[in-house]
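Worksheet: the structure to be examined is printed underneath.
Predicted, not measured: the structure shown is a model, and the values here were computed from it. The first residue in the sequence is number 1, and the count goes up from there.
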Amino acid sequence: MATISDDDILYAVNQRSRQDSEYRRQLDKAIKRKDEDDIARLVRKAVKKILGILVDVTFDIIERILGRW
């Protein structure tokens, strides 16, 4: 798996959210439930779709997303 910055990962999540309302709905639902596994899955999906690479999703990313939305 590639190593990229947290900002790159958050950029991909934001772009994916703008492109796909179903993705945004799923992410919002996972955030409301504070389902870290689902958030990580959705982040990986966004990064793969937008940046074309696979990444590990760290706790720091999940915390930033939970605090951001």
Side-chain angles (χ1 to χ4, degrees):
M1 295 213 179
T3 302
I4 60 174
S5 74
D6 290 355
D7 290 335
D8 290 335
I9 292 171
L10 294 173
Y11 167 79
V13 171
N14 285 329
Q15 289 299 106
R16 183 71 172 146
S17 292
R18 289 186 183 131
Q19 290 178 0
D20 187 339
S21 61
E22 176 62 19
Y23 175 87
R24 177 64 183 210
R25 186 192 65 73
Q26 290 174 3
L27 183 59
D28 286 343
K29 187 176 177 181
I31 291 169
K32 287 177 187 170
R33 291 189 327 255
K34 296 185 181 191
D35 184 337
E36 294 177 7
D37 291 332
D38 214 17
I39 293 168
R41 178 185 62 80
L42 290 163
V43 169
R44 282 191 299 274
K45 183 177 182 179
V47 172
K48 185 168 190 261
K49 174 77 175 179
I50 300 299
L51 302 177
I53 58 176
L54 299 175
V55 294
D56 284 326
V57 179
T58 65
F59 183 73
D60 292 342
I61 292 291
I62 293 171
E63 284 296 304
R64 286 182 66 180
I65 289 173
L66 285 172
R68 192 173 199 169
W69 270 270

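Contacts of D38 classified as side chain to side chain donor-acceptor pair (under 3.5 Å), with partners at least two apart in sequence or in another chain: R33, R41. For S5, the side chain to side chain donor-acceptor pair (under 3.5 Å) partners two or more places apart in sequence, or in a different chain, are D8. Applying the side chain to side chain donor-acceptor pair (under 3.5 Å) criterion to Q19, with sequence neighbours excluded, gives no partner residue. Residues that satisfy the side chain to side chain donor-acceptor pair (under 3.5 Å) test with D7, not counting sequence neighbours, are R64.
How far NZ of K29 is from CD1 of I39: 13.0 Å, rounded to the nearest 0.5 Å. For the atom pair I9 CD1 and T58 OG1, the distance stands at 6.5 Å (nearest 0.5 Å). In this structure, the separation between OG on S17 and CD on Q26 is 10.5 Å, given to the nearest 0.5 Å. Atom CZ of R44 is separated from atom CG of L42 by 9.0 Å, given to the nearest 0.5 angstrom. I53 CD1 to I4 CD1: the interatomic distance, rounded to the nearest 0.5 Å, is 4.0 Å. From D6, atom CG reaches atom CG of D60 across 6.0 Å, with rounding to the nearest 0.5 Å.
Classification of D20 and R24 as a salt-bridged pair fails, no side-chain N sitting under 4.0 Å from a carboxylate O.
Contact between V13 and A46 at its shortest, heavy atoms only, is CA-CB, 3.9 Å.
With E36 as the partner, the side chain to side chain contact (heavy atoms under 4.5 Å, CB included) test is satisfied by one option alone out of V57, I62, I65: I62.
Around the OH atom of Y11, the shell of radius 6.0 Å holds no more than 12 heavy atoms that belong to other residues, nucleotides or ligands.
Residues in residues 45-54 take part in no salt bridge (charged side-chain N to carboxylate O under 4.0 Å, His left out) pair, two or more places apart or across chains.
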